[in-house]
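Remember, it's a predicted structure, so these values are computed and weren't measured experimentally.
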Amino acid sequence: MKVLNALRVTAAVHALAICLQPVFAGVYLNGSPSGLRLHEPIGLALVFLGLAQLLLATVWWRAGGDRIAPAVSLLIVAGEVVQVAMGYGRQLAIHVPLGIALVVVSVAFALRVGRRQAVAA
């Protein structure tokens, strides 16, 4: 139960942070460099949040939880690593659509984990 709650919190924070990324990118594209000063470190932090989410999802799965959770978390982390690389490489043709996909998958994951019932010990 504690692992599921920790996973729920991590997934919710992850989803919130990833939803803010397009806002900060838009602020930057609107001419304010402060948008990029926020977009970059949050993007890097998302990778670490994703790794924490992957760890918690794996522990939850091993305790009898959803077996899809670690796979989706791994997919999210891998996407975020590619996303960071494409951002630094200014490969916007990949960075933008991948970012949209990551937002959708992260929010869907947070909602799915939020609805799951705890496994009886």
Closest contact, heavy atoms only, [X] versus [Y]:
X	Y	answer
L36	P41	O-CD, 4.2 Å
V107	C19	CG2-SG, 3.6 Å
H14	S106	CE1-OG, 3.4 Å
P70	L54	O-CD1, 3.4 Å
P22	V103	CG-CG2, 4.5 Å

Mind running side chain to side chain contact (heavy atoms under 4.5 Å, CB included) on E40 and F24 for me, showing each step along the way?
CA-CA 9 Å; E40 180 183 6; F24 297 136; over 6 Å; no

Honestly curious: do [X] and [Y] fall in one hydrophobic cluster under the side-chain, below-4.5 Å linking rule?
X	Y	value
I68	F109	yes
I18	V82	yes
V3	V77	no
L102	L46	yes
V105	V84	no

Rounded to the nearest 0.5 Å, how far does [atom2] of [Y] lie from [atom1] of [X]?
X	Y	atom1	atom2	value
L55	W60	CG	CH2	14.5 Å
W61	S73	CH2	OG	12.0 Å
L56	L51	CG	CG	11.0 Å
R116	L111	CZ	CG	12.0 Å
D66	R115	CG	CZ	12.0 Å

Under 3.5 Å donor-acceptor, [X] side chain and [Y] backbone:
X	Y	answer
Q91	G89	yes
Q53	L7	no
E80	G43	no
H95	M86	no
R8	V113	yes

Listing request: all side-chain hydrogen bond (donor to acceptor under 3.5 Å, both in side chains) pairs with a residue in residues 23-37, at least two apart in sequence or in separate chains.
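Of all non-adjacent pairs touching residues 23-37, those that pass side-chain hydrogen bond (donor to acceptor under 3.5 Å, both in side chains) are S32-S34.
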
When you look at Q21 and I42, which way does the side chain to side chain contact (heavy atoms under 4.5 Å, CB included) test go after all the steps?
CA-CA 7 Å; Q21 285 296 85; I42 290 176; 3.2 Å; yes

